[in-house]
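Every chain is numbered from 1, with letters handed out A, B, ... down the list of sequences. The model shown is predicted, which means the values in this text are computed figures rather than measured ones.
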Amino acid sequence: MLDMPDEGRLERMSAMLRRRGVVLPAFDIYGGVSGLIDYGPVGASIKRRLTQKWIDHWLSHGDIVEIDSPTITPEAVLVASGHVGEFNDLMTECKGCGSVFRADHLVEHLHPNADSLNSDEIDKLLSTGIECPSCNESEWTSAQPMNLMFSTKIGAMSAGRTAYMRPETAQGMFMLYPALYRHFRQKLPFGAIQTGKGYRNEISPRQGMIRLREFNMAELEYFIDPEHPPLSDLNRRTEIVSLVPDPDGPHAGESRMSFGAALDAGIVRHPTVAWFLARTWDFLIEVGIHPAKIRFRQHASTEMAHYAEDCWDCEIHGEHGWIECVGIANRTCHDLESHESHSNTKSLRAWRQFDQPRSQTLDRLVPNGAVIGPTFRGDAGAVVAALELLTELPESFPFELTLANGNSVSIHESMVERRIDTVNVSGEWFTPHIIEPAFGIDRIIWHVLDHAYEEVEKEGEAYTFLRLSEGISSVDCVVLPLFDKEGMPDLAKEITSAINALPHSRAEMDSSKSIGRRYARADEIGVPWALTVDHTSLEDGSVTVRRRDDQLQVRAFVDEILTRMTNGTMQELF
RNA sequence: GCGUUCGUGGUGUAGGGGUAGCACAAGAGGUUUCCAACCUCUUUGCCCGGGUUCAAAUCCCGGCGAGCGCACCA
């Protein structure tokens, strides 16, 4: 089904991307830094346009808004999120062969909870004769934490607080949950998106722009009521997609079906997750990813991230094989609950109104402060707190009450009043669940370029097209004076300005070298339209319009072209 | 991080102790009535740092970077 790997295509494509200013190694004149890239003049436009399409894609839902948060993040936030623990794996190196391993993996058969050990404890276990999996030696260096986050300080010198460059944008949306809840008039579901940089100090970045140390992410956090998950009608969707369900589950093996069928069969476990799989598909198709090179892979329960309950990767096939480009996870209430307890707030919840107010009978012991105060003095507060927590009321007085500090006190009848109240409860507080689609923008751009890059033979010569979707290419059209004289460059300049005055349209003029060469240059970086100014243009204001994908030409008037550029109907000229 | 192959104009390559060459691309001019044409001229290079040598792009050491394998990671 998929094309056989073409020797050298990757090299030729990478060379083109560098030569034409799409993607280049960063800091190249200083030798470069692995895992850091530049988007050049062509690539930066492509990235901006693709990112904008992503933003528009989600904002069009109506219940999703955009936010923007700092990349520098205080340590406490990332402790609560689990990143400080998760990203601080202890590593050890075999003195025999130099192989590096996660220390907790080497000793996990000796300890039930190996990843909670500190480095001294791990060193002790390692010295009990653990053999190196690759050379069977058993001499280990002492375990060192390998932090995958870039750390920094907020504030100067020793007074500075420890902070990290964010490893994901998601935490920003969680921090703003209270503001979002207010913005949406306290009604779920709603979502927030953010695009921006994320940072991970990868041990060994590889595969060009696939694994970067600084990368562009685009994440959506969608907050839902787990008891009333929003339902969308997937039955109208007819596309058949590749799914690779959990290999340990009942549906193991690759299958092809519609999104609706996958949900009905229980392969996708959550209706909102299924909906976002479908909307992810829509986006990828819109920006020019080849449908046959997309598949959705469900995480095995063993590889699931620490927070997730059902997790799907959207993988795209390209020169580097199948690459995870989007992760769609049901993060449940994990993040908000964790931030609530670490930050000691109660503001990360939502109110669920009951259909009918529930009448509830409260049977409790109301403390009598006038007696409890003088009797217990300093402990009085603790006694009142303990009384409020009582669920089973005593049969008789006096009875023994255990306080939070473990002490026990005797409660006499005079200290409390038994009160039975009937109250109407109209709803309850709960922690929303979160469905998170997280997009790796750089990886998607790579695959957009990969799928668009096409090498053909034209009159015996190698010829390259970048068949980018309209609206993704760096510019929408080039304007070419057929000759660089006789007023043609002037008219071409006018037309270029007119197009650039349109909202969201970009044109460039190119007047150097032969017309054929200029078409070729535009084809190589994926410009979909070329307008050529010739002698007739000077007489009647018409130009020839050339379509990149089949190189057909028609003649049209500039006014009509401007209109069609605006409303996206250029194709109808042909 | 280990092993391995490698690093020469913008791109692709030749040279492998003594003046760095070619092709394409790019710029200027000419020519040309729509698909990488042609002519003239021009610009741009031995990844970085040490060492050996009268002399290093070339040999040696280290670093950085790229590809691949292992490991790590999502």
J.: Could you work out the separation of B/rC47 and B/rU8 based on their C1' atoms and round it to a whole Å?
T.: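 Per the computed distance, 10 Å lies between those C1' atoms.
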J.: Which residues within residues 515-526 of chain A lie with some heavy atom under 4.0 Å of an atom in RNA chain B?
T.: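 Here the set is A/Ile515, A/Gly516, A/Arg517, A/Tyr519, A/Ala520, A/Arg521.
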J.: Return the stems involving RNA chain B, sorted by first number, where pairs are Watson-Crick (N1-N3 with N6-O4 or O6-N4) or G-U wobble (N1-O2 and O6-N3), both under 3.5 Å, and runs are 3 or more long.
T.: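 Stem list for RNA chain B: B:1-7 with B:64-70, B:10-13 with B:21-24, B:26-30 with B:38-42, B:47-51 with B:59-63.
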J.: Would you indicate what A/Gly327 reaches in the nucleic acid, counting non-hydrogen atoms under 4.0 angstrom: base, sugar-phosphate, or nothing?
T.: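 The answer is nothing, as A/Gly327 stays clear of every strand by at least 4.0 Å.
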J.: How long is the line joining NE2 of A/His447 and C1' of B/rA74, in whole Å?
T.: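 Atom NE2 in A/His447 sits about 14 Å away from atom C1' in B/rA74.
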J.: Could you measure between the two C1' atoms, the one in B/rC6 and the one in B/rU13, and give it in whole Å?
T.: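 The same atom, C1', in both gives a distance of 14 Å.
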J.: Who passes salt bridge (charged side-chain N to carboxylate O under 4.0 Å, His left out) against A/Arg295, sequence neighbours left out?
T.: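 A/Arg295 satisfies salt bridge (charged side-chain N to carboxylate O under 4.0 Å, His left out) with A/Glu315 once adjacent residues are dropped.
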J.: Let me spell it out: for each of A/Glu461 and A/Arg211, pick the nucleotide of RNA chain B with the closest heavy atom. Which residue's pick is nearer the 5' end?
T.: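 Its nearest nucleotide being more 5', the pick is A/Glu461.
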J.: Applying side chain to side chain donor-acceptor pair (under 3.5 Å), name anything that partners A/Arg517, two or more places apart in sequence or on another chain.
T.: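 Counting only residues at least two positions away or on another chain, A/Arg517 forms no side chain to side chain donor-acceptor pair (under 3.5 Å).
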J.: Kindly state each residue pair satisfying side-chain hydrogen bond (donor to acceptor under 3.5 Å, both in side chains) with at least one member in residues 441-452 of chain A, sequence neighbours excluded.
T.: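 Applying side-chain hydrogen bond (donor to acceptor under 3.5 Å, both in side chains) to every pair that reaches into residues 441-452 of chain A, excluding sequence neighbours, yields A/Arg9-A/Asp450, A/Tyr39-A/Asp442, A/Asn216-A/Asp442.
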J.: On a whole-Å scale, what distance lies between the C1' atoms belonging to B/rU40 and B/rG62?
T.: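 So the two C1' atoms sit 48 Å from each other.
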J.: Do A/Arg200's NZ or CZ and the ring of A/Phe215 fall within the cation-pi criteria of under 6.0 Å and 45°?
T.: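 Geometry flag: not set, cation outside 6.0 Å or 45°.
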J.: Among pairs that include at least one residue of residues 475-485 of chain A, which meet salt bridge (Lys or Arg N to Asp or Glu O under 4.0 Å), considering only residues two or more places apart or in two chains?
T.: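 Salt bridge (Lys or Arg N to Asp or Glu O under 4.0 Å) check on residues 475-485 of chain A returns A/Arg49-A/Asp476.
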J.: Between atom CZ in A/Arg18 and atom C1' in B/rU11, what is the gap in whole Å?
T.: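 My rounded result for the distance is 8 Å.
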J.: Among residues at least two apart in sequence or on other chains, which ones pass salt bridge (charged side-chain N to carboxylate O under 4.0 Å, His left out) with A/Asp549?
T.: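 Listed in chain order: A/Arg467.
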J.: In whole angstrom, give the distance that lies between atom CZ of A/Phe439 and atom P of B/rA74.
T.: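 Roughly 20 Å, once rounded to whole Å.
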J.: Check this for me: does any side-chain nitrogen of one of A/Arg547 and A/Asp550 sit under 4.0 Å from a carboxylate oxygen of the other?
T.: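 Salt bridge: yes.
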J.: Extract all donor-acceptor atom pairs below 3.5 Å that involve side chains of residues 554-561 of chain A and protein atoms in other chains or at least two apart in sequence.
T.:
from, atom 1, to, atom 2, distance (Å)
A/Arg555, NH1, A/Ser542, O, 3.2
A/Arg555, NH1, A/Ser542, OG, 2.5
A/Arg555, NH2, A/Asp534, OD1, 3.0
A/Arg555, NH2, A/Asp534, OD2, 2.4
A/Glu560, OE2, A/Arg564, NE, 2.9
A/Glu560, OE2, A/Arg564, NH2, 3.2

J.: Taking the six-membered ring for Trp and the full ring for Phe, Tyr or His, determine whether the centres of A/Tyr463 and A/Tyr519 are under 6.0 Å apart.
T.: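 No, too far apart.
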J.: Please list, pair by pair, any protein nitrogen or oxygen found under 3.5 Å from a nitrogen or oxygen in nucleotides 3-8 of chain B.
T.:
none

J.: Is there a side-chain polar atom (N or O) of A/Lys458 under 4.0 Å from OP1 or OP2 of B/rA36?
T.: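 No, outside the criterion.
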J.: Who pairs with A/Phe276 by ring pair (Phe, Tyr, Trp, His ring centres under 6.0 Å), at least two apart in sequence or on another chain?
T.: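 For A/Phe276 the ring pair (Phe, Tyr, Trp, His ring centres under 6.0 Å) partners, ignoring immediate neighbours, are A/Trp58, A/Tyr222.
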J.: When rounded to the nearest Å, what value does the distance between C1' atoms of B/rC61 and B/rG18 take?
T.: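 After rounding to an integer number of Å, I get 24 Å for this pair.
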J.: Between A/His535 and A/Phe483, what is the ring plane arrangement, given parallel below 30°, perpendicular above 60°, and tilted in between?
T.: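 Correct class here is tilted.
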J.: From the options B/rG27, B/rC34, B/rC73, select the nucleotide whose nearest atom is closest to the side chain of A/Lys513.
T.: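 Between B/rG27, B/rC34, B/rC73, the one nearest the side chain of A/Lys513 would be B/rG27.
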J.: Mind checking the P distance from B/rA20 to B/rU43? Whole angstroms is fine.
T.: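 The answer is 15 Å between these two P atoms.
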J.: Is the base of B/rC34 touched by the side chain of A/Arg546 through a donor-acceptor pair closer than 3.5 angstrom?
T.: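 Looking at the base of B/rC34, it does not pair with any donor or acceptor on the side chain of A/Arg546 (distance under 3.5 Å).
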J.: What's A/Ser34 touching, base or sugar-phosphate or nothing? Going by heavy atoms closer than 4.0 Å.
T.: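 The answer is sugar-phosphate, as A/Ser34 gets under 4.0 Å only of primed atoms, P, OP1 or OP2.
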J.: Select one nucleotide: of B/rC35, B/rA74, B/rU11, the one nearest the side-chain heavy atoms of A/Ala15.
T.: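 Of the candidates, B/rU11 comes closest.
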J.: Is it the case that the base of B/rC34 and the side chain of A/Gln553 share a donor-acceptor contact (distance under 3.5 Å, atom types as modelled)?
T.: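 Such a pair is found, so the answer is yes.
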J.: Let me know, please, whether A/Arg213 or A/Arg19 comes out on the 5' side of the other along RNA chain B by nearest nucleotide.
T.: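 Result of the comparison: A/Arg19.
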J.: Inspect the contact between A/Asp310 and A/Arg269 and indicate whether a charged nitrogen and a carboxylate oxygen are less than 4.0 angstrom apart.
T.: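 So A/Arg269 pairs with A/Asp310 through a salt bridge.
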J.: Could you give the CD-to-P distance, from A/Glu486 to B/rU31, as a whole number of Å?
T.: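 In whole Å, B/rU31 P lies 11 Å from A/Glu486 CD.
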J.: Looking only at the side chain of A/Thr532 (C-beta and beyond, no hydrogens), which of the listed nucleotides B/rU11, B/rC73, B/rC34 gets closest?
T.: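 My answer, after comparing the listed nucleotides, is B/rC34.
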J.: Can you tell me, in whole Å, how much space there is between the C1' of B/rA66 and that of B/rC24?
T.: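 Per the computed distance, 23 Å lies between those C1' atoms.
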J.: Rounded to whole angstroms, how far apart are CG on A/Leu552 and P on B/rC35?
T.: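 Going from CG in A/Leu552 over to P in B/rC35 covers 14 Å.
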J.: If you measure from the P atom in B/rA14 to the same atom in B/rA23, how many Å do you get, rounded?
T.: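 Result for the P pair: 16 Å, nearest Å.
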J.: OP1, OP2 of B/rC34 versus side-chain N and O of A/Ser514: anything below 4.0 Å?
T.: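 So the side chain of A/Ser514 is outside the cut-off, no N or O lying under 4.0 Å from OP1 or OP2 of B/rC34.
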J.: If I take atom CG in residue A/Leu17 and atom P in nucleotide B/rG10, what distance separates them, rounded to the nearest angstrom?
T.: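 Going from A/Leu17 (CG) to B/rG10 (P), I get 18 Å.
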J.: What pairs of residues pass the salt bridge (Lys or Arg N to Asp or Glu O under 4.0 Å) test when at least one of them lies in residues 13-40 of chain A, not counting sequence neighbours?
T.: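 Salt bridge (Lys or Arg N to Asp or Glu O under 4.0 Å) check on residues 13-40 of chain A returns A/Arg19-A/Glu524, A/Arg20-A/Glu524.
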J.: Does the base of B/rC35 carry an N or O that pairs as donor and acceptor with the side chain of A/Arg548 under 3.5 Å?
T.: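 No such pair is found, so the answer is no.
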J.: Quick one: label A/Tyr463 by what it contacts on the DNA or RNA (base, sugar-phosphate, nothing), any heavy atom closer than 4.0 Å.
T.: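 Base: the residue A/Tyr463, judged by heavy atoms under 4.0 Å, touches a nucleobase.
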J.: Output the rounded distance in Å from NZ (A/Lys485) to C1' (B/rU33).
T.: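 The distance from NZ of A/Lys485 to C1' of B/rU33 comes to 10 Å, rounded to the nearest Å.
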J.: With C1' as the reference atom in both, quote the distance from B/rA26 to B/rU11 in angstrom, rounded to an integer.
T.: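 After rounding to an integer number of Å, I get 11 Å for this pair.
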J.: Only counting residues at least two apart or in another chain, list the ones meeting side chain to side chain donor-acceptor pair (under 3.5 Å) with A/His251.
T.: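 For A/His251, no residue satisfies side chain to side chain donor-acceptor pair (under 3.5 Å) once neighbours in sequence are set aside.
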J.: I want to verify a distance call: between B/rC34, B/rG27, B/rU32, whose nearest atom is closest to the A/Phe483 side chain?
T.: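 Between B/rC34, B/rG27, B/rU32, the one nearest the side chain of A/Phe483 would be B/rU32.
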J.: How many Å lie between CG on A/Asp484 and P on B/rG30, as a whole number?
T.: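 Rounding to the nearest Å, CG of A/Asp484 and P of B/rG30 are 9 Å apart.
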